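Remarks on the structure that follows.
Please read these numbers as outputs of a predicted model, since none were measured by experiment. Sequence positions, counted from 1, serve as the residue numbers for this chain.
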Amino acid sequence: MAKQVRLNYFDLSGGMDAKTSPLFLKNNECELIQNYHLDNVGSLTKRPGILYLIGQVVNDVSILGMYYFKDIQGTDYSNLLVTCNDAASPTNSDTYKITANAWAKSEEDTTSSALPVFTSFIDYAFRVNGEDTMKSSVDLTTWAGGGAANCMLTYKFKYICIWEDRIYVLNDNTTNKKPSRISWSSLPISGNPLTVTWAYNGTTDAGKDAADINPDDNDEITWGEPFGKRLLIFKTKGLYNWTFGQVEPDKIIDVGTPQGRTVKQTQGLCFFANEEGVYSYNGESQPILISKKVQPFIDAISDFTSLRAEVDSDHYKLYIGDVTVDGKTYSNTMLVYCLSVNGWHIETYPFEIKSMARFQKKTLGTTEIYDSIYVGDDDGFVYRLGTGTSDYLGTVAQPIAGRIITKEYPLYNFPSYSDLNNLDFLAQQATGAKVNYRIERGDWKPWKDLQRRITSDKISGKGRTLQFSITDNSTTTSQIEGFSIELKEEVGLSRDKRNG
C-alpha cells in the first residue's frame, strides 16, 4: 500500500553558501544564487537591469573614477564628475561633467591612468590622484591649485577626505615619497567665501600639521575614512583610529585593505575587503569577517587592487572581476551582501567594472540622475544599476542570465530511498524560467518551464537526496517563491526492501 508524503520549502531567504557542502546547508540557503536578489524576503527575484547614461564618454578607455558634487550654496553647480584617459593610447586623462545632455570636459590634462579621489568642502570640489598636485573648483569649469583655491602647494597625495571641518590628505606620493604621511588643513576661516590654509611643508615638524602613521611597518596608507568621531586610516595590513592631536594613532587590528575603494559605509557600519574576505566594523568592537559563505569566490580573486565597491541603504556590493570556482568561470562578478537578511548572492555583468559611485537624485538640464549606484566600464560608458529588465553592453541590450542551485534536500526516508511522485513550483512572472533536478548529485534532468503562478507535474526517480536548478536567460523578472515535493512511500516495507 502506498501513501503520499509532502515536503514543503517556501523560504529561500537564507542567501548563498558556496563554502558548505550542499547537503548541510540550511533549508532556506542555496548553493548558488546568480543574478537573483534577496530583497523580497522569503523569495528569490531576478535582479533589475542596467542602463547606460547619455552615451560613451571616450571610446575604448576605462572609467578611472566618478563622483557626485553636491553644491548647496549660491549658484547650484551640482554635477557628476567622470574621469577617463583621453584615448586608448593616452597622453593624459580628463574629467567630464554633464552639459546639455552630453559629456563636456571639466578638468583637462591630468596624468594618464591616475586614479582620482574627489571630495567637497566649503562649496568647492577637490581632486587628488597621487600624480598631480591637488586642484579644486567651485563651478566645475575652472580648476586651480598650487596654493590657490584652498589647495596645498606642490604635494601629490593619493587620498583625500573631510573630517571634523578639516581637509585631510593621505599618502604623500611626491618625489620623496612618504606613504605613511597624513596632513590636514586649517579650520575654515570666516569670510565670503570660506577659505582654508595649509601649513604642511613636506615634514612633520611641530606646527606643520602632519603626522606619520606607523612609518616603520613597511606598509602604506590605502585610504582614510571619516567614521563618526574618529578617522579610520587603512593600510594594506592594518587599520588605525586617528583622533586630532594624537601623538600616535590607535591600531585597531592587523587587518586592512589593499584597495581603499572597497571602504564604504551604510547603516552605521563600515565595510572593507582584503585577501581574507569582507569585514564589517561598527566602531566599537573588532571588525568582523562576514564573508565566509562566499569564501571560495574571495579565494579565486587574482588582483585585489582591482576591487571596487559601493553601498546603498541595504547592500554592500563588491566587484571582484573574473573568478573560477569549482571549475566554473564567472565573468565580471560582483559579490552582494544584503544587510537586512544577512545573506549573500552574486551578480555578473557583460563588461569589466572599473569604478563605482553612489549618485544623488538630480535633474541636470534634460538629464535625470537617480539616487542609485552607478558603474563605469572599460569602454568609456557609465551605467545605472537597478533599472529595467535588460543589461546593456554599450548601447546594446541583452537578457540577464540568472541561475539558482538549491540546497541538496534529504528526502523523507533518508538515508533510505524515496520514490518521487509530483512537484509543485510557486513563482511569479516566471515565463522564461526553467527547472531542472538531479538525484544524489547525478546528472541534471529537465523538469518543466515555469508558465504560471503554480506549475505542477509529475517528477520521476528514486533516491535519497534531491536538488533543483532554476535558470532564466530572459528579460522577465521571475520571482521564485518555493516548491512542494510529493513522495510516494510504500507502507510496511522494511528499510532493506525500500532501498532495493
Side-chain angles (χ1 to χ4, degrees), residues 2-12 14-36 44 293-297 300 323-330 345-346 348 401-427 430 432-451 454-473 478 480-490 493-500:
K3 69 172 183 177
Q4 294 178 347
V5 176
R6 277 202 171 271
L7 304 176
N8 296 321
Y9 299 100
F10 299 125
D11 177 12
L12 300 174
M16 170 178 155
D17 187 340
K19 185 176 177 62
T20 304
S21 171
L23 185 61
F24 300 112
L25 298 180
K26 297 176 183 176
N27 282 346
N28 67 351
E29 293 179 334
C30 292
E31 181 179 349
L32 174 71
I33 303 174
Q34 180 181 0
N35 289 327
Y36 279 81
L44 297 175
K293 291 184 177 182
V294 290
Q295 194 61 43
F297 286 81
V323 293
T324 300
V325 178
D326 293 333
K328 179 175 175 55
T329 298
Y330 299 87
H345 69 274
I346 68 168
T348 49
R403 190 180 188 200
I404 301 165
I405 301 179
T406 68
K407 168 190 167 67
E408 182 181 7
Y409 297 97
L411 296 177
Y412 182 72
N413 285 314
F414 183 86
S416 298
Y417 287 84
S418 295
D419 288 315
L420 301 174
N421 188 42
N422 203 76
L423 179 63
D424 301 280
F425 243 86
L426 276 71
K434 303 176 183 295
V435 177
N436 297 278
Y437 71 98
R438 63 181 176 182
I439 299 170
E440 297 183 15
R441 296 191 74 80
D443 294 335
W444 290 106
K445 299 178 181 180
W447 180 66
K448 292 282 288 183
D449 293 359
L450 302 184
Q451 299 290 342
I454 301 176
T455 302
S456 302
D457 203 357
K458 293 291 185 181
I459 183 171
S460 61
K462 184 175 184 179
R464 291 169 288 195
T465 68
L466 183 64
Q467 190 174 27
F468 299 102
S469 78
I470 302 97
T471 58
D472 186 344
N473 192 27
S478 56
I480 309 303
E481 297 180 320
F483 42 87
S484 177
I485 307 165
E486 183 182 272
L487 306 174
K488 182 170 58 178
E489 297 302 321
E490 296 296 329
L493 292 183
S494 67
R495 172 174 290 187
D496 289 341
K497 290 183 178 179
R498 193 179 292 134
N499 286 345

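When all heavy atoms of Y36 and I470 are compared, the pair lying nearest together is OH-CG2, 4.4 Å. Closest approach of E31 to P22, counting heavy atoms only: OE1-CG, 3.4 Å. When all heavy atoms of I480 and A427 are compared, the pair lying nearest together is CD1-CB, 4.1 Å. Between S469 and W444, the shortest heavy-atom distance links the atoms N-CZ3, 3.5 Å. In terms of heavy atoms, L25 sits closest to C30 at CD1-C, 3.6 Å. The minimum heavy-atom distance linking G463 with I439 is given by the pair CA-CG2, 3.6 Å.
A salt bridge links D424 with R6: the distance from a Lys NZ or Arg NE/NH1/NH2 to an Asp or Glu carboxylate oxygen falls below 4.0 Å.
For the ring pair (Phe, Tyr, Trp, His ring centres under 6.0 Å) with F468, the lone residue among F425, Y9, Y437 that qualifies is F425. With L423 as the fixed residue, the side chain to side chain contact (heavy atoms under 4.5 Å, CB included) test singles out one of I485, D457, L466: I485. Remark: of the listed residues K407, E408, R441, R441 is the sole one forming a side chain to side chain donor-acceptor pair (under 3.5 Å) with Q467.
Between the side chain of S484 and the backbone N or O of N8 there is no donor-acceptor pair closer than 3.5 Å.
Partners of K434 according to the salt bridge (Lys or Arg N to Asp or Glu O under 4.0 Å) rule, which considers only residues two or more places apart in sequence or in another chain, are D449.
N413 has its side chain out of reach of L487: every pair of non-hydrogen atoms, C-beta onward, lies at least 4.5 Å apart. Using a 4.5 Å heavy-atom threshold, the side chains of L12 and N28 count as separate. The closest side-chain heavy-atom distance from K458 to N421 is below 4.5 Å. R464 is not listed as a side-chain neighbour of P410, based on a closest heavy-atom distance of 4.5 Å or more. Residues L411 and L7 meet the side-chain proximity criterion, which asks for heavy atoms closer than 4.5 Å. Within the 4.5 Å cutoff, side-chain heavy atoms of L32 are placed close to those of M16.
Checked against the 6.0 Å centroid threshold, Y409 and F483 count as a close aromatic pair.
Taken from CD1 in I346 to CD in Q34, the straight-line distance is 4.5 Å, to the nearest 0.5 Å. Expressed to the nearest 0.5 Å, how far CZ of R438 lies from NZ of K445 amounts to 12.5 Å. Expressed to the nearest 0.5 Å, how far OG of S460 lies from CG of N422 amounts to 11.5 Å. With rounding to the nearest 0.5 angstrom, the NZ atom of K19 is 6.0 Å from the CD atom of Q295. Between the CG atom in D11 and the CD atom in E29 there is a gap of 10.5 Å [rounded to 0.5 Å]. Going from atom CD of E486 over to atom CG of L420 covers 10.5 Å, rounded to the nearest 0.5 Å.
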Set out, in order, the CA-CA distance, both residues' side-chain angles and the distance that settles side chain to side chain donor-acceptor pair (under 3.5 Å) for T348 and N35, then state yes or no. CA-CA 7 Å; T348 49; N35 289 327; 3.0 Å; yes
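Enclosure of atom CZ in F10 by more than 12 non-hydrogen atoms of other residues, nucleotides or ligands within 6.0 angstrom is indicated.
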